[in-house]
Amino acid sequence: GAVVSQHPSWVICKSGTSVKIECRSLDFQATTMFWYRQFPKQSLMLMATSNEGSKATYEQGVEKDKFLINHASLTLSTLTVTSAHPEDSSFYICSAAPGQGETQYFGPGTRLLVL
Amino acid sequence: SQQGEEDPQALSIQEGENATMNCSYKTSINNLQWYRQNSGRGLVHLILIRSNEREKHSGRLRVTLDTSKKSSSLLITASRAADTASYFCATGRAGKETSGSRLTFGEGTQLTVNP
């Protein structure tokens, strides 16, 4: 149980285009979902926290107009990287938390390459 | 911001030896968690230790937490080549309006276990 999926697993796009990444909790309802970014050989940086049906809370330094997060249901959150540029190339990982407890379940990540 | 610092940054040992990784943090926490990440993959949750606990075991893993020193250690006993991965500590703080802990990750330790 407690499986989180991400789609796509990798994406290559041209500079200026927008890319949508989906995060789904497959066998539980996730009240809260988190989005992280990881550069090569570095740690995970929390980008934003989203609760179902409400606006996401962004970490300091993360542009909310650049990284649009929608948590429309208890099993789906999406991250849209708008007008992507090469510096947005990174590994994006989501996690999902059930209604109670401290545990987060992580997705397998999405590798984004912007040319 | 990243508050966790881990040392060593890289550790190379022989199969059968023990591996010890350390993590320090700066602010108060509800829990501290350890994760493993194989290259280019998502995170695997290893163990969670709460702020009122001092030691926890899970199989070949032993985690200690010293809140007075704001530090934790992860010991992997009788290491195997399959343990080769990056290991991250993450400090958790419960959010007021979120489920799951808002995690702040350390920089990670790259463990290489040579056969």
Side-chain angles (χ1 to χ4, degrees), chain A residues 2-6 9-10 23 25 28-62 71 74 77 90-111 113, chain B residues 1-7 9-10 21 23-25 27 29-53 56 58 65 85-112:
Chain A
V3 177
V4 176
S5 70
Q6 280 185 243
S9 56
W10 59 270
C23 176
S25 56
F28 67 97
Q29 293 186 328
T31 305
T32 304
M33 287 186 170
F34 303 86
W35 286 95
Y36 297 84
R37 182 175 181 175
Q38 184 180 33
F39 291 108
K41 298 190 183 302
Q42 294 189 22
S43 186
L44 280 75
M45 296 280 292
L46 178 64
M47 299 175 66
T49 302
S50 72
N51 288 320
E52 183 265 338
S54 62
K55 289 184 179 180
T57 302
Y58 290 81
E59 295 298 302
Q60 191 173 8
V62 178
H71 192 162
L74 286 171
S77 176
S90 189
F91 193 50
Y92 292 88
I93 305 176
C94 74
S95 69
Q100 297 180 356
E102 303 135 315
T103 303
Q104 292 179 33
Y105 300 97
F106 283 79
T110 296
R111 190 162 301 282
L113 177 61
Chain B
S1 62
Q2 297 295 313
Q3 70 160 342
E5 295 181 1
E6 293 183 60
D7 76 274
Q9 288 186 339
M21 289 160 270
C23 168
S24 62
Y25 57 93
T27 63
I29 63 172
N30 295 115
N31 61 73
L32 188 143
Q33 305 180 37
W34 285 90
Y35 290 85
R36 185 184 76 199
Q37 184 181 37
N38 288 87
S39 181
R41 302 288 186 91
L43 273 71
V44 174
H45 184 262
L46 296 177
I47 198 165
L48 179 152
I49 186 166
R50 293 186 174 83
S51 58
N52 61 352
E53 297 175 311
K56 211 162 183 180
S58 177
L65 178 64
S86 292
Y87 291 82
F88 294 93
C89 69
T91 52
R93 300 187 66 181
K96 291 181 181 178
E97 299 177 355
T98 63
S99 60
S101 295
R102 182 178 170 278
L103 296 178
T104 302
F105 281 83
E107 298 301 316
T109 294
Q110 172 61 49
L111 173 66
T112 302

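Per chain, numbering begins at 1; letters A, B, ... match sequence-line order. Keep in mind it's a predicted model, so treat the numbers as computed, not measured.
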So A:C94 and A:Q6, do their side chains get closer than 4.5 Å, heavy atoms only? yes
Among all residues two or more places apart in sequence or in another chain, which pass the ring pair (Phe, Tyr, Trp, His ring centres under 6.0 Å) test with A:Y36? A:F106, B:F105
Given that the side chain runs from C-beta out, which part of B:L43 has a heavy atom under 4.5 Å from chain A: side chain, backbone, both or neither? both
Which portion of B:Q33 sits near chain A, non-hydrogen atoms under 4.5 angstrom: side chain
Once salt bridge (Lys or Arg N to Asp or Glu O under 4.0 Å) is applied, what residue pairs with a partner in residues 42-51 of chain B remain, sequence neighbours excluded? A:E102-B:R50
Does A:R111 make a cation-pi contact with A:F91 (under 6.0 Å, within 45 degrees of the axis)? yes
Is A:Q38 in contact with chain B via its backbone, its side chain, both, or neither, using a 4.5 Å heavy-atom distance? side chain
